[in-house]
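Just so it is clear: chains get the letters A, B, ... in the order the sequence lines come, proteins before strands, and each one is counted from 1.
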There are 2 protein chains.
Amino acid sequence: MPSYSISELSHEFDITTRTMRFYESEGLLSPKRDGQTRIYAEADRVRLKLILRGKRLGLSLAESKELIDMYKPRGNNEAQLIKLLEKIRERKNILAQQLLDIQAMENELNGAEERCQEALNALSK
Amino acid sequence: MPSYSISELSHEFDITTRTMRFYESEGLLSPKRDGQTRIYAEADRVRLKLILRGKRLGLSLAESKELIDMYKPRGNNEAQLIKLLEKIRERKNILAQQLLDIQAMENELNGAEERCQEALNALSK
DNA sequence: TTACAGCTTGACGTTTACGTCAACGTAACG
DNA sequence: CGTTACGTTGACGTAAACGTCAAGCTGTAA
(Lines give C-alpha, C1' and ligand atoms only; values in the text may rest on other atoms or scores of the structure.)
Protein backbone atom coordinates (compact mmCIF):
# COMPACT_ATOMS: atom_id res chain seq x y z
CA MET A 1 0.00 0.00 0.00
CA PRO A 2 1.41 3.36 -1.05
CA SER A 3 1.68 6.20 1.37
CA TYR A 4 2.38 9.90 0.88
CA SER A 5 3.84 12.83 2.72
CA ILE A 6 1.93 16.07 2.95
CA SER A 7 4.20 17.76 0.44
CA GLU A 8 3.93 14.92 -2.05
CA LEU A 9 0.17 15.24 -2.18
CA SER A 10 0.26 19.01 -2.10
CA HIS A 11 2.52 18.95 -5.16
CA GLU A 12 0.46 16.38 -6.96
CA PHE A 13 -2.72 18.38 -6.58
CA ASP A 14 -1.14 21.80 -6.64
CA ILE A 15 -2.40 22.99 -3.29
CA THR A 16 -0.53 24.19 -0.21
CA THR A 17 0.17 22.13 2.87
CA ARG A 18 -1.77 24.73 4.79
CA THR A 19 -4.79 23.79 2.74
CA MET A 20 -4.37 20.13 3.56
CA ARG A 21 -4.03 20.82 7.26
CA PHE A 22 -7.08 23.00 7.05
CA TYR A 23 -9.06 20.21 5.42
CA GLU A 24 -7.97 17.93 8.23
CA SER A 25 -9.04 20.43 10.88
CA GLU A 26 -12.43 20.55 9.15
CA GLY A 27 -12.72 16.78 9.33
CA LEU A 28 -12.31 16.11 5.62
CA LEU A 29 -9.04 14.24 5.97
CA SER A 30 -7.64 12.14 8.79
CA PRO A 31 -4.22 10.78 7.94
CA LYS A 32 -2.25 8.49 10.23
CA ARG A 33 0.74 9.82 12.09
CA ASP A 34 4.35 8.78 12.36
CA GLY A 35 5.15 10.62 15.53
CA GLN A 36 4.01 14.12 14.66
CA THR A 37 4.30 13.69 10.93
CA ARG A 38 1.23 13.04 8.82
CA ILE A 39 1.20 9.91 6.67
CA TYR A 40 -1.41 9.84 3.95
CA ALA A 41 -2.73 6.54 2.64
CA GLU A 42 -4.31 5.95 -0.75
CA ALA A 43 -7.78 6.40 0.76
CA ASP A 44 -6.79 9.88 1.94
CA ARG A 45 -5.55 10.67 -1.51
CA VAL A 46 -8.87 9.61 -3.00
CA ARG A 47 -10.78 11.74 -0.53
CA LEU A 48 -8.60 14.69 -1.43
CA LYS A 49 -9.33 14.12 -5.08
CA LEU A 50 -13.05 14.11 -4.35
CA ILE A 51 -12.79 17.30 -2.35
CA LEU A 52 -11.04 19.06 -5.21
CA ARG A 53 -13.56 17.80 -7.69
CA GLY A 54 -16.27 19.16 -5.44
CA LYS A 55 -14.54 22.51 -5.45
CA ARG A 56 -14.43 22.59 -9.22
CA LEU A 57 -18.18 22.15 -9.19
CA GLY A 58 -18.70 24.92 -6.66
CA LEU A 59 -19.34 22.81 -3.57
CA SER A 60 -18.40 24.10 -0.15
CA LEU A 61 -16.12 21.96 1.97
CA ALA A 62 -19.05 21.06 4.18
CA GLU A 63 -21.01 19.89 1.16
CA SER A 64 -18.08 17.84 -0.12
CA LYS A 65 -17.71 16.25 3.29
CA GLU A 66 -21.36 15.28 3.32
CA LEU A 67 -21.18 13.93 -0.20
CA ILE A 68 -18.07 11.89 0.36
CA ASP A 69 -19.51 10.38 3.49
CA MET A 70 -22.57 9.41 1.46
CA TYR A 71 -20.62 7.08 -0.76
CA LYS A 72 -20.25 4.69 2.14
CA PRO A 73 -23.67 4.33 3.76
CA ARG A 74 -22.90 3.76 7.43
CA GLY A 75 -26.42 4.55 8.61
CA ASN A 76 -28.26 1.25 8.93
CA ASN A 77 -31.32 3.01 10.27
CA GLU A 78 -34.25 3.35 7.85
CA ALA A 79 -34.94 7.04 8.46
CA GLN A 80 -31.28 7.81 7.82
CA LEU A 81 -31.23 5.84 4.62
CA ILE A 82 -34.27 7.67 3.34
CA LYS A 83 -32.74 11.01 4.17
CA LEU A 84 -29.59 9.90 2.42
CA LEU A 85 -31.52 8.95 -0.69
CA GLU A 86 -33.18 12.36 -0.69
CA LYS A 87 -29.86 14.09 -0.52
CA ILE A 88 -28.45 11.97 -3.29
CA ARG A 89 -31.37 12.90 -5.52
CA GLU A 90 -31.10 16.54 -4.56
CA ARG A 91 -27.49 16.53 -5.62
CA LYS A 92 -28.36 14.76 -8.84
CA ASN A 93 -30.85 17.52 -9.60
CA ILE A 94 -28.18 20.12 -9.00
CA LEU A 95 -25.89 18.25 -11.36
CA ALA A 96 -28.61 18.18 -13.99
CA GLN A 97 -29.03 21.94 -13.65
CA GLN A 98 -25.28 22.42 -13.85
CA LEU A 99 -25.23 20.41 -17.03
CA LEU A 100 -27.82 22.75 -18.53
CA ASP A 101 -25.84 25.74 -17.32
CA ILE A 102 -22.69 24.39 -18.91
CA GLN A 103 -24.40 23.87 -22.23
CA ALA A 104 -25.91 27.35 -22.21
CA MET A 105 -22.62 28.93 -21.27
CA GLU A 106 -20.80 26.95 -23.91
CA ASN A 107 -23.20 28.19 -26.55
CA GLU A 108 -22.63 31.76 -25.55
CA LEU A 109 -18.89 31.30 -25.41
CA ASN A 110 -18.97 29.83 -28.89
CA GLY A 111 -20.90 32.82 -30.13
CA ALA A 112 -18.47 35.19 -28.47
CA GLU A 113 -15.55 33.25 -29.89
CA GLU A 114 -16.95 33.57 -33.38
CA ARG A 115 -17.62 37.27 -33.13
CA CYS A 116 -14.19 37.75 -31.66
CA GLN A 117 -12.54 35.79 -34.45
CA GLU A 118 -14.44 37.71 -37.09
CA ALA A 119 -13.40 41.00 -35.57
CA LEU A 120 -9.80 39.81 -35.72
CA ASN A 121 -10.12 38.74 -39.34
CA ALA A 122 -11.64 42.08 -40.23
CA LEU A 123 -8.64 43.81 -38.67
CA SER A 124 -5.98 41.77 -40.46
CA LYS A 125 -7.60 42.35 -43.82
CA MET B 1 -40.08 47.40 -22.92
CA PRO B 2 -40.73 45.82 -19.56
CA SER B 3 -39.17 47.20 -16.40
CA TYR B 4 -38.86 45.78 -12.92
CA SER B 5 -38.54 46.95 -9.34
CA ILE B 6 -35.80 45.59 -7.15
CA SER B 7 -38.24 43.44 -5.20
CA GLU B 8 -39.81 42.00 -8.34
CA LEU B 9 -36.48 40.70 -9.55
CA SER B 10 -35.39 39.60 -6.10
CA HIS B 11 -38.56 37.50 -5.85
CA GLU B 12 -38.23 36.10 -9.32
CA PHE B 13 -34.70 34.89 -8.70
CA ASP B 14 -35.05 34.21 -5.01
CA ILE B 15 -32.31 36.51 -3.81
CA THR B 16 -32.40 39.45 -1.41
CA THR B 17 -32.47 43.10 -2.40
CA ARG B 18 -29.25 43.45 -0.47
CA THR B 19 -27.68 41.02 -2.89
CA MET B 20 -28.84 43.03 -5.87
CA ARG B 21 -27.51 46.27 -4.41
CA PHE B 22 -24.26 44.50 -3.69
CA TYR B 23 -24.00 43.34 -7.29
CA GLU B 24 -24.57 46.91 -8.38
CA SER B 25 -21.86 48.18 -6.06
CA GLU B 26 -19.53 45.63 -7.63
CA GLY B 27 -20.35 46.90 -11.09
CA LEU B 28 -22.34 43.87 -12.24
CA LEU B 29 -25.62 45.71 -12.56
CA SER B 30 -26.39 49.33 -13.38
CA PRO B 31 -30.12 49.98 -13.40
CA LYS B 32 -31.65 53.33 -14.25
CA ARG B 33 -33.15 55.48 -11.54
CA ASP B 34 -36.50 57.08 -11.00
CA GLY B 35 -35.41 59.61 -8.43
CA GLN B 36 -33.71 57.42 -5.89
CA THR B 37 -35.51 54.26 -6.85
CA ARG B 38 -33.86 51.66 -9.03
CA ILE B 39 -35.59 50.68 -12.27
CA TYR B 40 -34.38 47.48 -13.88
CA ALA B 41 -34.73 46.96 -17.62
CA GLU B 42 -34.84 43.62 -19.40
CA ALA B 43 -31.11 43.83 -20.09
CA ASP B 44 -30.45 44.09 -16.36
CA ARG B 45 -32.64 41.08 -15.80
CA VAL B 46 -30.63 39.10 -18.33
CA ARG B 47 -27.37 40.11 -16.71
CA LEU B 48 -28.71 39.00 -13.35
CA LYS B 49 -29.66 35.66 -14.86
CA LEU B 50 -26.14 35.25 -16.20
CA ILE B 51 -24.63 36.13 -12.84
CA LEU B 52 -26.72 33.51 -11.09
CA ARG B 53 -25.86 30.92 -13.68
CA GLY B 54 -22.23 31.74 -13.10
CA LYS B 55 -22.74 31.20 -9.40
CA ARG B 56 -24.26 27.79 -9.97
CA LEU B 57 -21.10 26.85 -11.85
CA GLY B 58 -18.86 28.13 -9.09
CA LEU B 59 -17.74 31.40 -10.68
CA SER B 60 -16.84 34.37 -8.53
CA LEU B 61 -18.65 37.61 -9.17
CA ALA B 62 -15.51 39.05 -10.71
CA GLU B 63 -15.33 36.11 -13.11
CA SER B 64 -18.99 36.45 -14.02
CA LYS B 65 -18.49 40.13 -14.67
CA GLU B 66 -15.58 39.40 -16.97
CA LEU B 67 -17.49 36.68 -18.76
CA ILE B 68 -20.60 38.74 -19.29
CA ASP B 69 -18.58 41.62 -20.64
CA MET B 70 -16.98 39.19 -23.08
CA TYR B 71 -20.23 38.49 -24.84
CA LYS B 72 -20.13 41.99 -26.29
CA PRO B 73 -16.62 42.53 -27.62
CA ARG B 74 -16.05 46.25 -27.19
CA GLY B 75 -12.28 46.04 -27.60
CA ASN B 76 -11.48 46.80 -31.24
CA ASN B 77 -7.77 46.58 -30.54
CA GLU B 78 -6.05 43.43 -31.78
CA ALA B 79 -4.13 42.64 -28.60
CA GLN B 80 -7.35 42.88 -26.64
CA LEU B 81 -9.22 40.62 -29.01
CA ILE B 82 -6.50 38.00 -28.77
CA LYS B 83 -6.56 38.15 -25.00
CA LEU B 84 -10.31 37.84 -25.12
CA LEU B 85 -10.08 34.76 -27.32
CA GLU B 86 -7.64 33.21 -24.88
CA LYS B 87 -9.98 33.79 -22.00
CA ILE B 88 -12.88 32.35 -23.89
CA ARG B 89 -10.91 29.19 -24.61
CA GLU B 90 -9.72 29.01 -21.03
CA ARG B 91 -13.27 29.11 -19.84
CA LYS B 92 -14.28 26.48 -22.37
CA ASN B 93 -11.58 24.22 -20.98
CA ILE B 94 -12.92 24.71 -17.50
CA LEU B 95 -16.38 23.85 -18.74
CA ALA B 96 -15.04 20.68 -20.33
CA GLN B 97 -13.44 19.71 -17.02
CA GLN B 98 -16.65 20.47 -15.19
CA LEU B 99 -18.50 18.23 -17.57
CA LEU B 100 -16.12 15.38 -16.73
CA ASP B 101 -16.52 16.14 -13.04
CA ILE B 102 -20.28 16.06 -13.34
CA GLN B 103 -20.22 12.72 -15.09
CA ALA B 104 -17.88 11.21 -12.52
CA MET B 105 -19.92 12.53 -9.64
CA GLU B 106 -23.11 11.31 -11.23
CA ASN B 107 -21.68 7.83 -11.53
CA GLU B 108 -20.74 7.78 -7.89
CA LEU B 109 -24.09 9.16 -6.84
CA ASN B 110 -25.79 6.44 -8.86
CA GLY B 111 -23.69 3.83 -7.13
CA ALA B 112 -24.50 5.32 -3.75
CA GLU B 113 -28.17 5.48 -4.65
CA GLU B 114 -28.20 1.81 -5.55
CA ARG B 115 -26.43 0.69 -2.42
CA CYS B 116 -28.73 2.86 -0.40
CA GLN B 117 -31.82 1.44 -2.05
CA GLU B 118 -30.60 -2.11 -1.55
CA ALA B 119 -29.99 -1.45 2.11
CA LEU B 120 -33.54 -0.18 2.40
CA ASN B 121 -34.95 -3.20 0.61
CA ALA B 122 -33.00 -5.48 2.90
CA LEU B 123 -34.52 -3.75 5.90
CA SER B 124 -38.13 -3.98 4.73
CA LYS B 125 -37.82 -7.67 3.97
C1' DT C 1 -53.22 61.91 10.01
C1' DT C 2 -51.13 58.04 11.04
C1' DA C 3 -49.47 53.78 9.91
C1' DC C 4 -47.73 50.66 6.79
C1' DA C 5 -45.22 49.01 2.68
C1' DG C 6 -41.42 49.66 -0.09
C1' DC C 7 -37.54 52.24 -1.37
C1' DT C 8 -32.86 54.40 -0.10
C1' DT C 9 -27.86 54.83 1.90
C1' DG C 10 -24.41 53.78 5.28
C1' DA C 11 -21.91 50.92 8.51
C1' DC C 12 -20.61 47.07 10.88
C1' DG C 13 -20.90 41.82 11.41
C1' DT C 14 -20.28 37.05 9.63
C1' DT C 15 -18.94 32.79 7.21
C1' DT C 16 -15.82 30.31 4.21
C1' DA C 17 -11.39 29.05 2.83
C1' DC C 18 -7.58 29.60 3.21
C1' DG C 19 -2.64 32.96 3.53
C1' DT C 20 0.94 34.41 6.36
C1' DC C 21 3.87 34.77 9.82
C1' DA C 22 6.16 32.94 14.24
C1' DA C 23 8.38 29.57 16.91
C1' DC C 24 9.70 25.15 17.38
C1' DG C 25 11.33 19.90 16.40
C1' DT C 26 14.23 16.61 13.61
C1' DA C 27 16.96 14.42 10.17
C1' DA C 28 20.60 14.68 6.90
C1' DC C 29 24.26 17.01 4.43
C1' DG C 30 28.83 19.29 4.03
C1' DC D 1 28.43 21.69 14.30
C1' DG D 2 25.86 24.83 11.65
C1' DT D 3 22.36 25.20 8.07
C1' DT D 4 19.15 23.46 4.99
C1' DA D 5 14.94 20.89 4.15
C1' DC D 6 10.84 19.30 5.82
C1' DG D 7 7.66 18.73 9.30
C1' DT D 8 4.71 20.54 13.37
C1' DT D 9 1.19 23.77 16.12
C1' DG D 10 -0.85 28.13 17.12
C1' DA D 11 -2.46 32.74 16.12
C1' DC D 12 -3.73 36.44 13.45
C1' DG D 13 -4.94 38.40 8.76
C1' DT D 14 -7.76 38.57 4.57
C1' DA D 15 -10.87 38.45 0.38
C1' DA D 16 -15.45 37.35 -1.19
C1' DA D 17 -20.26 37.57 -0.68
C1' DC D 18 -23.37 38.87 1.39
C1' DG D 19 -26.51 39.50 6.36
C1' DT D 20 -28.13 42.62 9.59
C1' DC D 21 -29.21 46.47 11.73
C1' DA D 22 -30.07 51.72 11.77
C1' DA D 23 -32.06 55.83 10.12
C1' DG D 24 -34.37 58.09 6.85
C1' DC D 25 -37.64 59.27 2.57
C1' DT D 26 -42.19 58.50 0.02
C1' DG D 27 -46.70 57.18 -1.46
C1' DT D 28 -51.22 55.38 -0.20
C1' DA D 29 -54.89 53.07 2.31
C1' DA D 30 -57.76 53.42 6.55
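Within the model, atoms SG of B:Cys116 and CD1 of A:Ile88 stand 5.0 Å from one another, a figure rounded to the nearest 0.5 Å. Rounding to the nearest 0.5 angstrom, the gap separating the CG atom in B:Leu50 from the OG atom in B:Ser64 is 8.0 Å.
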With B for base contact, S for sugar-phosphate-only contact and - for none (protein heavy atoms under 4.0 Å), nucleotides 15-21 of chain C reads --BBBB-
Going 5' to 3' through nucleotides 22-27 of chain C and flagging B where a protein heavy-atom sits under 4.0 Å of the base, S where only the sugar-phosphate is that close, and - otherwise, we get ------
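In this entry the distance linking CD1 of B:Ile39 with P of C:dC7 reads 10 Å, nearest Å. Distance, B:Phe13 CZ to D:dC18 P: 15 Å, rounded to whole Å. Residue B:Asp34 contributes atom CG, which lies 11 Å from atom P of C:dT8 at whole-angstrom precision. The CE atom of B:Met20 sits 14 Å away from the C1' atom of C:dT8 (whole-angstrom rounding). Atom C1' of nucleotide C:dC7 and atom CZ of B:Arg21 are separated by 7 Å, given to the nearest angstrom. In this structure, A:Gln36 atom CD and D:dA5 atom C1' are separated by 17 Å, rounded to whole Å. Rounded to whole angstrom, the span from the CD atom of A:Glu24 across to the P atom of D:dG7 amounts to 14 Å.
In this structure, B:Ser5 reaches the sugar-phosphate backbone alone: every heavy-atom distance under 4.0 Å involves primed, P, OP1 or OP2 atoms, never a base.
Within the 4.0 Å cut-off from OP1 or OP2 of C:dC7, not a single side-chain nitrogen or oxygen of B:Thr17 is found.
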Between protein and nucleic acid, restricted to nucleotides 22-28 of chain D and to nitrogen or oxygen atoms under 3.5 Å apart, what atom pairs and distances do you find?
none

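B:Glu66 meets the salt bridge (Lys or Arg N to Asp or Glu O under 4.0 Å) test with B:Lys87; sequence neighbours excluded.
Looking at A:Thr19 and A:Thr16, their side chains do bring a donor and an acceptor atom within 3.5 Å of each other. When only modelled atom types and interatomic distance are considered, B:Tyr40 and B:Glu8 share no side-chain donor-acceptor pair under 3.5 Å.
Between A:Ile39 and A:Ser3 the shortest heavy-atom distance is CG2-CB, 3.8 Å.
Every pair passing salt bridge (charged side-chain N to carboxylate O under 4.0 Å, His left out) that includes a residue from residues 104-115 of chain B is listed here, sequence neighbours excluded: A:Arg53-B:Glu108, A:Arg89-B:Glu113, A:Lys92-B:Glu113. Among residues at least two apart or in separate chains, salt bridge (charged side-chain N to carboxylate O under 4.0 Å, His left out) pairs with a member in residues 9-19 of chain B are B:Glu12-B:Arg45.
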Next item on the list: Take A:Asp101 and B:Lys55 through the salt bridge (Lys or Arg N to Asp or Glu O under 4.0 Å) test and state the conclusion after the steps.
Entry: CA-CA 10 Å; A:Asp101 287 331; B:Lys55 282 200 65 179; over 6 Å; no
With side-chain contact (heavy atoms from CB on, under 4.5 Å) as the criterion, how do B:Lys65 and B:Asp69 come out once you've worked through the C-alpha distance, each side chain's angles and the decisive distance to 0.1 Å? CA-CA 6 Å; B:Lys65 183 172 151 65; B:Asp69 291 341; 3.9 Å; yes
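Looking at A:Asn107, its side chain never comes within 3.5 Å of a backbone N or O of A:Ala104 through a donor-acceptor pair.
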